[in-house]
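The sequence lines fix the lettering, A, B, ..., with proteins before strands; numbering per chain opens at 1.
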2 protein chains.
Amino acid sequence: MSNKTKVNRREEIIEMSALLFREKGFKATSTRDIAEKVGMEAASMYNHIQSKHEILETICFRVSDRYFLELSNIEDSDLLPLQKVQAIIRAHVKTLTLDGCYVSVANNEWRQLKDNSLIKFRETKREYEKRMAAIIQEGVEAGTIKRLNVSVILFSLLSSLRWIEYWFNDRREISPDVLEENLINILINGISE
Amino acid sequence: MSNKTKVNRREEIIEMSALLFREKGFKATSTRDIAEKVGMEAASMYNHIQSKHEILETICFRVSDRYFLELSNIEDSDLLPLQKVQAIIRAHVKTLTLDGCYVSVANNEWRQLKDNSLIKFRETKREYEKRMAAIIQEGVEAGTIKRLNVSVILFSLLSSLRWIEYWFNDRREISPDVLEENLINILINGISE
DNA sequence: CCTACCGATCGGTAGG
DNA sequence: CCTACCGATCGGTAGG
């Protein structure tokens, strides 16, 4: 069997796992569920993966890598603080439109990670929040963002962005563009001085 | 054994379950985990509960009952739409301060409900959203809330409120009062015309 | 990639 | 409220 097929098979397993983990949760999804969706026996999957946990790890860190890439680009830009926040909102909407189920799993199932993975993921989350808080702090000091508790502003933004995930799962009444526009209007106005 | 003791024992099981379900998730919590925390054998719990699922049902519907009670009071008041939204925010902060772990479980684990419970809980969620949307719609028509997509406003609010739960679990840097004040400032300003 | 199968753990019951 | 124990299911391995 060629290497390429093996890589694709692995990708297929991860993709199907992401769909099932989102739908039923990590613990409630059995390796047999995944295998059935991929079209092989559960035992056969272990030629492509090391463990069920490894699948979850792959999904979670793939998502965090992606968000960090976007954040780094925004940080390195010469945008003003409030424009950076706006760019972050856009980045979240975009990522969710493209990779909804991965983001969903990372958001809801990361607690099921084990040992070092769990510790590392927690650190990753903290770092993301810290770097976003720094942007908000800049805005506060520049006088363009309200002088409120930075953590409350931060989590108010992050939670609204997290919700978008549910939007794209359950309903699709409006387009991503309209969603983005409305959301920026609400969130930016909410924190602008 | 008196009825009173039996009721208290049941409450104890539900309380400990809520703590464990929040921490590890419903599926990842075994009846033996719960029993250990309560201080009895797993088999003994079945004198007080019917099944592990029944515990989850009790928690979820207790929370939704509570939220509906608050919402009904607010609807029946003669507050203006924007003041009603503000009252809802206060109600959420209050409930989370008092019953954080129950709310947390209802928010994150309701998907593990089965059959009729799952269907009923979904309907309950939808109704809550519908009634909150009606208040927002009133505000839009009165010209006090921005004429944006009502669903986006609704979920932007709800997701920010949902996040408070994490706040009270992980960190407690600021007091509930300051949190409430900051949050109302951000959210109300975000949607006000 | 499959068959066969493992040890562990699960939710729950019987009987006292 | 406990001991003893059940059938089912789990993640994963051995060997081909």
*Asks:* Hey, could you give me each pair passing ring pair (Phe, Tyr, Trp, His ring centres under 6.0 Å) that has a residue in residues 71-106 of chain B? Not counting sequence neighbours.
*Replies:* B:Tyr67-B:His92
*Asks:* Quick one: do B:Glu36 and B:Arg32 make a salt bridge, cutoff under 4.0 Å?
*Replies:* no
*Asks:* Is the phosphate of C:dG11 approached by B:His53 (side-chain N or O, under 4.0 Å from OP1 or OP2)?
*Replies:* no
*Asks:* In residues 31-42 of chain B, what residues come within less than 4.0 Å of DNA chain C, judged by heavy atoms?
*Replies:* B:Thr31, B:Arg32
*Asks:* For B:Glu127, is there an ion pair with B:Lys130 - N to carboxylate O distance below 4.0 angstrom?
*Replies:* no
*Asks:* Listed by chain and number, what are the side chain to side chain contact (heavy atoms under 4.5 Å, CB included) partners of A:Gln137, not counting sequence neighbours?
*Replies:* A:Glu141, A:Val150
*Asks:* Sequence neighbours left out, what passes side-chain hydrogen bond (donor to acceptor under 3.5 Å, both in side chains) with A:Thr95? Give chain and number order.
*Replies:* none
*Asks:* Applying side chain to side chain contact (heavy atoms under 4.5 Å, CB included), name anything that partners A:Glu41, two or more places apart in sequence or on another chain.
*Replies:* A:Ser44
*Asks:* Should the pair B:Glu123-B:Arg126 be classified as a salt bridge under the 4.0 Å nitrogen-to-oxygen rule?
*Replies:* no
*Asks:* Please identify each residue that fulfils side chain to side chain contact (heavy atoms under 4.5 Å, CB included) with A:Thr144, with sequence neighbours left out.
*Replies:* A:Ala142
*Asks:* Could you check which residues of residues 12-21 of chain B get a heavy atom under 4.0 Å from DNA chain C? Sort them by number, please.
*Replies:* none
*Asks:* For A:Tyr128, check ring pair (Phe, Tyr, Trp, His ring centres under 6.0 Å) against everything at least two apart and list the hits.
*Replies:* A:Phe68
*Asks:* Check DNA chain D for consecutive Watson-Crick or G-U pairs with both distances under 3.5 Å and list the runs of at least three as stems.
*Replies:* C:1-16 with D:1-16
*Asks:* Which pairs pass side chain to side chain donor-acceptor pair (under 3.5 Å) with one or both residues in residues 179-188 of chain A, sequence neighbours excluded?
*Replies:* A:Arg90-A:Glu180, A:Asn185-A:Asn189, A:Asn185-B:Lys146
*Asks:* Scan the side chains in residues 20-29 of chain A for donor-acceptor partners under 3.5 Å anywhere in the protein, sequence neighbours excluded, and list what turns up.
*Replies:*
{"residue": "A:Arg22", "atom": "NH1", "partner": "A:Asn169", "partner atom": "OD1", "Å": "2.8"}
{"residue": "A:Lys24", "atom": "NZ", "partner": "A:Asp33", "partner atom": "OD2", "Å": "3.0"}
{"residue": "A:Thr29", "atom": "OG1", "partner": "A:Leu20", "partner atom": "O", "Å": "3.4"}
{"residue": "A:Thr29", "atom": "OG1", "partner": "A:Gly25", "partner atom": "O", "Å": "2.7"}

*Asks:* Between N or O atoms, less than 3.5 Å apart, protein on one side and nucleotides 14-16 of chain D on the other: list the pairs.
*Replies:*
none

*Asks:* Main chain of B:His48, side chain of B:Arg10: is a donor-acceptor contact present, judged purely on distance under 3.5 Å?
*Replies:* yes
*Asks:* Quick one: is C:dC2 close enough that its OP1 or OP2 comes under 4.0 Å of any side-chain N or O from A:Ser44?
*Replies:* yes
